[in-house]
Amino acid sequence: MLSAAQTAVLDHTLNVIAADPGAGKQHATASALRDYEHEGVRVIFYATALGSILIVTYVEVD
């Protein structure tokens with residue numbers, strides 16, 4: 001279970017990714033995936049061709 005502080009940081013991170021689906025770097029093993037890390041949060045996601053839909057595949061929060 002995430003603490004309130006962890007949830008706030010995760011929410012901010014997801015908002016950044018939603019605003020810029022090109023954020024982060026290309027994932028090392030799967031070219032379609034993006035890997036974004038910031039403030040102890042790591043999110044691996046896939047953006048559709050137009051970037052209008054994001055599919056989050058992995059979340060890690062410290």
Side-chain angles (χ1 to χ4, degrees):
M1 180 174 244
L2 296 175
S3 69
Q6 290 171 319
T7 302
V9 175
L10 176 59
D11 187 48
H12 172 72
T13 300
L14 293 174
N15 285 331
V16 168
I17 293 169
D20 180 13
K25 59 184 178 185
Q26 189 173 16
H27 191 268
T29 60
S31 62
L33 296 176
R34 306 289 299 171
D35 193 336
Y36 183 82
E37 291 185 64
H38 185 69
E39 296 182 13
V41 175
R42 179 179 183 202
V43 176
I44 299 174
F45 64 97
Y46 169 80
T48 59
L50 298 176
S52 60
I53 298 174
L54 299 175
I55 300 167
V56 175
T57 61
Y58 177 81
V59 174
E60 179 179 317
V61 182
D62 289 336

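The figures that follow rest on heavy atoms only: side chains count, while hydrogens, waters and symmetry mates do not.
Side-chain heavy atoms closer than 4.5 Å link hydrophobic residues (I, L, V, M, F, W, Y) into clusters, and following such links, possibly through other members, connects Y36 to L14. Connection of I17 to L33 is not established within any shared hydrophobic cluster, with ILVMFWY side chains joined at heavy-atom distances below 4.5 Å, either directly or through further cluster members.
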In a table with atom names and distances, give each donor-acceptor pair under 3.5 Å that connects a side chain of residues 49-62 to protein atoms at least two apart or in another chain.
residue	atom	partner	partner atom	Å
T57	OG1	I44	O	3.0
Y58	OH	E60	OE1	2.6

Which pairs of donor and acceptor atoms, one on a side chain in residues 18-28, lie under 3.5 Å apart (sequence neighbours left out)?
residue	atom	partner	partner atom	Å
D20	OD1	G22	N	3.2
Q26	NE2	S31	O	3.1
H27	ND1	T29	N	3.1
H27	ND1	T29	OG1	3.1

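Judged as a side chain to side chain donor-acceptor pair (under 3.5 Å), the pairs with a partner in residues 4-16 (not counting sequence neighbours) are, in order, S3-Q6. Among residue pairs with one or both ends in residues 36-45, those qualifying as salt bridge (charged side-chain N to carboxylate O under 4.0 Å, His left out) are D35-R42; sequence neighbours excluded.
Residue M1 belongs to no hydrophobic cluster, having no ILVMFWY side-chain heavy atom closer than 4.5 Å to its own.
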